[in-house]
Enquirer: 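Input: one structure, supplied below.
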Amino acid sequence: MNEVGSIDTTSFQIGDLNIVFNHHTLIMIWIVIFVICITLYLLTRNMTKIPSRGQTVVEMLIDYFDQLAKESLGENHRRYLPFIVTIFLFVLVSNWIGIVPLMDEPTKDLNTPMGIGILVLFVTIYSGIRYNGFFGFVKEFFEPVWFLFPINVVGEIGKFISLIFRLFGNVFGGTVIVWVGFTMLLKTWWTGWVLLFLGPALYGFFGLFIGAIQAFVFTMLSMTYISIVKN
Amino acid sequence: MINIVDMLKEISISGDQIVRSAALLGAGIAMGVGAIGPGIGEGFAAGKACEGISKRPEESGLLTRTMLVGQAVSESTGIYSLVIALLLIFVVA
C-alpha cells in the first residue's frame, strides 16, 4: 500500500465508454474464492460417519449457523442457509487475508461490500415477495398511511446502506490505523523496535478480531433483515 | 528592521489552500465528535450484557451474540462520521 486510500485501477476505452477495473480488488476476490473452495474441498474430501478433524470443524460451523438460522428464520430456514454461510465465509476470509503480507482486503474497496449488500437486498425482496405475495410486499410500504411511502422506501434502503458502510468503514478504518501506526513508528530506529512488538498486535486486533466480528455481524444482520420481511 | 505588515503581505494564501485546510479540519472534527456517541452507547450495551451474564451465566452465548449485533448497529453513526471524514480528506481536500 503506497498511499492510503488509493486503489489500483486499469481503464480502457471501448467507443465512448471508459471502463475502469479495480484489478487489485478483483484479483484479491479471486484469491479469496480459491482459498475458500480449496480449503473446504480438502476438509470435506472423504466424508465419513465418524468425522475426521477437518470435517468436524466444517460440521461445527454449519451446525452453528443452522441453529442461528432456525432461531431467526423459523421454518424453511434451510433455503437460506447456503447463502448465509457463503456470505459469512467470504467476508471472513476477505477480512482475514489482509494480514498476509502483500495482500489487501477486498472489503477495503467500497465496491465489494456494496456488491454483497445489493445481493442481500435482492434476497430480502425475493423472500418478502415469496412469503407475503407481491401485493402484500408492496402494501408494507404504504403501511400506516399512504403518504409515508417515500419515507418507508428510504428507511428500507438506508438499512442496507448502513450495512454496507459498516463493513467498509470498519475494515478501511482498520487498515488506515495500521498504516498510520507503521509510518509513524518507522520514522526513527528506536520506534522501529517498538513496531516489532506492536505491529503483530495491531494486525491481530484490526485484522483478526474486528474482521471476525464484522463478518459475524454482517451475516447476523442480513439474516435479521431477511426474517423481518418474512413476518 | 522587518516590518510585520510586510511579512504578512509576503504570505499569500490562495482559495484552494483555505478549502483544503478547512476540509482537513472538518474531517478531524467530524471524526472526533462522531466517536463520542458510539463509544458511550457501546459501553452501555456491554455493561448491560455483563449484568445479564452475571444474573444468568448459562445464557452467556445468546447475550454475547445479541450484544455484538446491538453494538454493531449503534456503531453505525460513528461509521457515518468516518465516511464523511474520508470523503472530506480524499474527495474535497
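Letters A, B, ... mirror the listed sequences (proteins, then strands); counts begin at 1. The figures here come from the full heavy-atom set of this structure, side chains too, leaving out hydrogens, waters and symmetry mates.
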Enquirer: Does anything in residues 30-43 of chain B get under 4.5 Å of chain A by heavy atoms, and if so which residues?
Expert: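 Not one residue of residues 30-43 of chain B has a heavy atom under 4.5 Å from chain A.
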Enquirer: Drop me the distance from B/Leu86's CG to A/Phe165's CZ, to the nearest 0.5 angstrom.
Expert: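 Reported value, rounded in 0.5 Å steps: 9.5 Å.
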Enquirer: Strictly less than 4.5 Å between heavy atoms, which residues of residues 70-85 of chain B line up against chain A? Please order them by number.
Expert: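 Contacts with chain A: B/Ala72, B/Val73, B/Glu75, B/Ser76, B/Ile79, B/Tyr80, B/Leu82, B/Val83.
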Enquirer: For the interface with chain B, which of A/Glu71, A/Arg166, A/Met220, A/Gln214 has the highest count of heavy-atom pairs at distances below 4.5 Å?
Expert: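 Of A/Glu71, A/Arg166, A/Met220, A/Gln214, A/Arg166 has the most heavy-atom pairs under 4.5 Å with chain B.
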Enquirer: Does A/Gln13, at its CD atom, have more than 12 non-hydrogen atoms belonging to other residues, nucleotides or ligands within less than 6.0 Å?
Expert: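 Above 12, so yes.
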Enquirer: Any pair with a residue in residues 90-101 of chain A that passes side-chain hydrogen bond (donor to acceptor under 3.5 Å, both in side chains), sequence neighbours left out, goes on the list, sorted by first then second residue, please.
Expert: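 Applying side-chain hydrogen bond (donor to acceptor under 3.5 Å, both in side chains) to every pair that reaches into residues 90-101 of chain A, excluding sequence neighbours, yields A/Asn95-A/Thr107.
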Enquirer: Once salt bridge (charged side-chain N to carboxylate O under 4.0 Å, His left out) is applied, do any residues pair with B/Glu58, and if so which ones, sequence neighbours excluded?
Expert: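 For B/Glu58 the salt bridge (charged side-chain N to carboxylate O under 4.0 Å, His left out) partners, ignoring immediate neighbours, are B/Arg56.
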Enquirer: Could you look at A/Leu163 and say if it's the side chain, the backbone, both or neither that has a heavy atom under 4.5 Å from chain B?
Expert: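 Contact with chain B is absent: no heavy atom of A/Leu163 under 4.5 Å.
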Enquirer: Where does A/Phe216 contact chain B at under 4.5 Å (heavy atoms): side chain, backbone, both or neither?
Expert: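 A/Phe216 touches chain B through side-chain heavy atoms alone.
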Enquirer: Around atom CZ of A/Phe209, are there more than 12 heavy atoms from other residues, nucleotides or ligands closer than 6.0 Å?
Expert: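 Count not over threshold, so no.
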